[in-house]
Amino acid sequence: MKTQLQQLIEAALSQLCNDGTLQLETLPSALVERTRDRTHGDFATNMAMVLAKQAKRNPRELAQLLLDALPESELVVKTEIAGPGFINFFVSDAAYATVIAQVFEQSSSYGKSQVGAGQKVLMEYVSANPTGPLHVGHGRGAAYGAATASLLKAAGYQVHREYYVNDAGRQMDILAASVWLRYLDLCGEEVTFPSNGYQGDYIWDIAATLHREQQDTFRHPIATVLEGVPADEPDGGDKELHIDGIIEQARTLLGTALYKQVHGAALEAILGGIRQDLLEFGVEYDEWFSEQSLMDDQTVDQAIEKLQGTGDIYEEKGALWFRSTAYGDEKDRVVVRDNGLKTYFASDIAYHMNKLQRGYDKMIDIWGADHHGYVPRVRAALSAMGEEPDTLEVLLVQFASLFRGGEKVQMSTRSGSFVTLRELRQEVGDDAARFFYVLRKSEQHMDFDLDLAVSQSSENPVYYIQYAHARIHSVMRQLQEKGMSWDQEEGLNSQNLLTEEHEKSLMVAISRYPELLEGAALQREPHQLAHYLRDLAHELHTYYNSHHFIVEDQALRNARLTLINAARQVFVNGLTVLGVSAPEEM
RNA sequence: GCGCCCGUAGCUCAGCUGGAUAGAGUACUUGGCUACGAACUAAGGUGUCGGAGGUUCGAAUCCUUCCGGGCGCGCCA
């Protein structure tokens, strides 16, 4: 509807230009929007006011010219000039009836568009380090990423969903060392756990499995293990040096093969848990991309070489630096440390280079807001390699603060004190969690009151929407029990019988869905869809409460049943995008 | 100190690329089921849109500057 109106206005405008009534340097595209107030019609445009200055005419006069030039259309039954120069459009009932028919023709495709057609997008989200279970902060990125990916697909983009697995690097070594030490403890060694190790209970679990399956394969006397290792912080030493020393000892004492086994067991156990969590949460991926693979196949080296080729790498204090300041970053960044190890940043440059090499037009990364300072340097690397930095779009998700008993829950992966995503899901349910996460703008800080979510879970807005959907199914079940059936064909032909205000409102809401979905996709804002579905549910509920659907009059009955079934389809389509189920009864 | 995000009703938040009287949910009060599910609905009031300037036909929205909160500023990831 909206695009049809835009076309009409643009046609009128170009006609005015062609016949010389108006002289404009540029033809702006028409801005049409839904009216807030019903008395202003269905749609309005501010075109006349926008053009007034350029056309050197007053807005209302210009509006009249536009209306005179407006092509005839079955869509519009009435127009008016209002206020400072708005043009209001009243849409015909027949046009709304057409929309209802379209819902059934297009079914699960109703609302989809092609604005993103031809664009290949690689979306990366969550990508949490596999050093522990996912917590509630990751959950937000997961829900937001999955919903945005669906949104883009619905808008015609070709989307590839990816999880970047940080399976290389020091954090993974610390994890392996943590598991090994717990394992040694289970073997009977008296281990003092390093202050910088991962202390969560899940480390014990992995160690226990290792011990059960491999017995003493990896055992070494603790005295040997600590030989030459710098003291830990509580003993007056340095916790970083201490843990690095232990990692070094693990490598030496176990040898490459056995060390890899411990490392691999830890990675597999944790990554397996993450995969399971996300799968159950309805967050899917097309690919799990390994950071280590970028090391193994030389992609990282190639990336560095490429930057050396453009003269953007220099050596200082034994390290290799990328001159990111030449591309807008605040300071230059190290890519290879003086000890020869590549930084996380180096593999990230390689990863993004690899994404482009795989042929994607756009990369959309969803990061926690604490990584925002990272954006300029990655963009800088893309620029240096001759790529358009805007091919990378980073969407930042603010952390969700958890409140329990009125107090903020402090969370830290290292200390193992956090509320896991799994716990949250068990407490509030997958549907409620998914919906709650995308109900707010991603860049908005969000307070998640656990007690409230648990004790009043039935008041969660998701049930409001699901209930509206289930109610429609309930009506259809009632119909059947009364020995009647729904004639969709007759219902579509009888839409003119739906003259109640509630019916009009519901039709308007249904007709709004396609433009809403498109806007939400373009702005990467699934919360718009969440709010829309709540509005739609409200329309359905008020209609339900004020009118009876299963009435004697057969034509009217079918018209009403057709209308609510169109709404049912929109509920299903919208909830599916958000990853929330649409139960037929609850 | 520098950079990014945020500040809207008592609380949690919307407000679509500047638009017509700034809206929901929640909380509080009072109504609505012998009718398709009351997890619903109807009515009731609340705002210096953090403050102050500026841009213009028009600002919660854009610009500047303060105030307040969050985050980031490593040869960590």
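The sequence lines fix the lettering, A, B, ..., with proteins before strands; numbering per chain opens at 1.
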*asked:* Can you tell me how the ring of A:Phe571 sits relative to the ring of A:His469, calling it parallel under 30°, perpendicular over 60° and tilted otherwise?
replied: perpendicular

*Spacing of the C1' atoms in B:U8 and B:U46 (rounded, Å)*: 13 Å

_When the C1' atoms of B:G3 and B:A39 are compared, how many Å lie between them, rounded to an integer?_
47 Å

*Are A:Arg557 and A:Leu479 close enough that some pair of their side-chain heavy atoms sits under 4.5 Å apart?*
yes

_Presence of A:His538 side-chain N/O under 4.0 Å of B:A42 phosphate oxygens OP1/OP2_ = yes

_Distance-only donor-acceptor test (3.5 Å): side chain A:Asn46, base B:G19_ = yes

_Please pick, from B:G69, B:A20, B:C36, the nucleotide with the shortest atom-to-atom distance to any side-chain atom of A:Ser474._
B:C36

*Hey, is the side chain of A:His372 pairing donor to acceptor with the base of B:G3 inside 3.5 Å?*
yes

*asked:* With rounding to the closest Å, how many angstrom separate the C1' atoms on B:C16 and B:G70?
replied: 26 Å

*A:Tyr374 has a side chain; which of B:U41, B:A77, B:G15 sits nearest to it?*
B:A77

*Return the nearest nucleotide to the side chain of A:Tyr463; candidates are B:A39, B:G69, B:A20.*
B:A39

*Are OP1 or OP2 of B:G15 and a side-chain N or O of A:His527 less than 4.0 angstrom apart?*
yes

*Can you check the A:Asp329 CG to B:C2 C1' distance for me, whole Å?*
13 Å

_Any side-chain donor near an acceptor of the partner, A:Glu503 and A:Tyr543, under 3.5 Å_ = yes

*Dot-bracket encoding per residue of RNA chain B, Watson-Crick/G-U cut-off under 3.5 Å, | denoting interstrand*: (((((((..((((.....[...)))).(((((.......))))).....(((((..]....))))))))))))....

*For nucleotides B:C33 and B:C49, find the distance between their C1' atoms and express it as a whole number of Å.*
41 Å

*Does B:A20 have OP1 or OP2 sitting under 4.0 Å from an N or O in the side chain of A:Arg36?*
yes

*Report which part of the nucleic acid A:Asp338 touches: base, sugar-phosphate, or nothing (heavy-atom distance under 4.0 Å, all strands).*
base

_Per-pair stack call A:His473 and B:G37, 5.5 Å, 30°_ = no

*Atom CZ of A:Arg377 and atom P of B:C73: how far apart are they, to the nearest Å?*
8 Å

*Tell me which of A:Lys342 and A:Ile550 sits closer to the 5' end of RNA chain B, going by the nucleotide each one is nearest to.*
A:Ile550

*Atom CG of A:Asp370 to atom P of B:G3: distance rounded to whole Å?*
20 Å

*Does a donor on one side chain and an acceptor on the other come within less than 3.5 Å for A:Asp312 and A:Tyr327?*
yes

*asked:* Between B:G18 and B:C76, how far apart are the two C1' atoms, rounded to whole Å?
replied: 44 Å

*Hey, can you tell me if A:Phe549 and A:Tyr544 have their rings parallel, tilted or perpendicular (30° and 60° cut-offs)?*
perpendicular

*asked:* Checking contacts here: which listed nucleotide (B:C73, B:G69, B:C75) is nearest the side-chain heavy atoms of A:Ala319?
replied: B:C75

*Counting heavy atoms from C-beta on, name the nucleotide in B:U17, B:C36, B:C5 closest to the side chain of A:Glu443.*
B:C5

*Rounded to the nearest angstrom, tell me the gap between atom NE2 in A:His531 and atom P in B:G25.*
12 Å

*Starting at the 5' end of RNA chain B, which residue's closest nucleotide do you reach first, A:Arg337 or A:Asn545?*
A:Asn545

*asked:* Please report the distance, rounded to the nearest Å, between CD in A:Gln398 and C1' in B:G70.
replied: 7 Å

*Taking only the side-chain heavy atoms of A:Lys331 (C-beta and beyond), determine which of B:C73, B:C75, B:G37 contains the nearest atom.*
B:C73

*Nearest whole angstrom, please: distance from the C1' of B:A77 to the CD of A:Glu291.*
9 Å

*For A:His40 and B:A20, are the ring centres under 5.5 Å apart with planes inclined under 30°?*
yes

*Between B:A77, B:A20, B:A39, which nucleotide gets closest to the side-chain atoms of A:Tyr467?*
B:A39

*Got a sec? Which of residues 552-561 of chain A come in under 4.0 Å of RNA chain B, heavy atoms?*
none

*Using the C1' atoms only, state how far B:A14 lies from B:G54, rounded to an integer number of Å.*
28 Å

*Hey, can you tell me if A:Tyr532 and A:Tyr513 have their rings parallel, tilted or perpendicular (30° and 60° cut-offs)?*
tilted

*Which part of the nucleic acid does A:Phe345 contact within heavy-atom distance under 4.0 Å: base, sugar-phosphate only, or nothing?*
nothing

_Under-3.5 Å donor-acceptor pair between A:His548 side chain and B:C36 base_ = yes

*Candidate nucleotides B:A77, B:A14, B:U41, ranked by approach to the side chain of A:Lys441 - the nearest*: B:A14

*Which atom pair, heavy atoms only, marks the closest approach of A:Leu396 to A:Ser442?*
O-OG, 3.4 Å

*Given B:U17, is OP1 or OP2 found less than 4.0 Å from the side-chain N or O atoms of A:Gln523?*
yes

*asked:* Does B:A14 have OP1 or OP2 under 4.0 Å away from a side-chain N or O of A:Gln444?
replied: yes

*Does the side chain of A:Ser511 pick up a donor-acceptor pair with the side chain of A:Arg34 at under 3.5 Å?*
yes

*Examine B:G37: is either OP1 or OP2 under 4.0 Å from a nitrogen or oxygen in the side chain of A:Arg477? Give yes or no.*
no

*asked:* Less than 4.5 Å apart, side chain to side chain, heavy atoms only: is that true for A:Tyr198 and A:Gln171?
replied: yes

*Side-chain donor/acceptor of A:Asn88 to base of B:A20, under 3.5 Å*: yes

*May I have the distance from A:Arg524 (atom CZ) to B:C16 (atom C1'), rounded to whole angstrom?*
16 Å

*asked:* Could you tell me if the side chain of A:His527 sits less than 4.5 Å from the side chain of A:Gln444, heavy atoms only?
replied: no

*Considering only the C1' atoms, how many Å lie between B:G45 and B:G7, rounded to the nearest integer?*
24 Å

*Which part of the nucleic acid, if any, lies within contact of A:Met586, taking any heavy atom under 4.0 Å across all strands shown: a base, the sugar-phosphate backbone alone, or nothing?*
base

*asked:* Other residues, nucleotides and ligands only: do more than 12 of their heavy atoms fall within 6.0 Å of CD on A:Glu316?
replied: yes

*A:Trp288 vs A:Tyr163 aromatic rings, parallel, tilted or perpendicular, using cut-offs 30° and 60°?*
parallel

*Answer with base, sugar-phosphate or nothing: what part of the nucleic acid does A:His547 contact at a heavy-atom distance below 4.0 Å?*
base

*asked:* Tell me if a side-chain donor or acceptor on A:Asp232 pairs with a main-chain N or O of A:Ser195 at a distance below 3.5 Å.
replied: yes

*asked:* By the 4.0 Å heavy-atom rule, please label A:Glu330 as base, sugar-phosphate, or nothing.
replied: sugar-phosphate

*Compare the minimum distances between each of B:A42, B:G19, B:C75 and the side chain of A:Lys317, then state the nucleotide with the smallest one.*
B:C75

_Just the rounded figure in Å: distance from P of B:G23 to CZ of A:Arg34._
19 Å

*Using atom C1' of each nucleotide, how far apart are B:G23 and B:A77 to the nearest Å?*
43 Å

*Which listed nucleotide (B:C75, B:C76, B:A42) is nearest to the side chain of A:Thr542?*
B:A42

*Going by atom types alone, do A:Trp486 and A:Thr562 pair a side-chain donor with an acceptor below 3.5 Å?*
yes

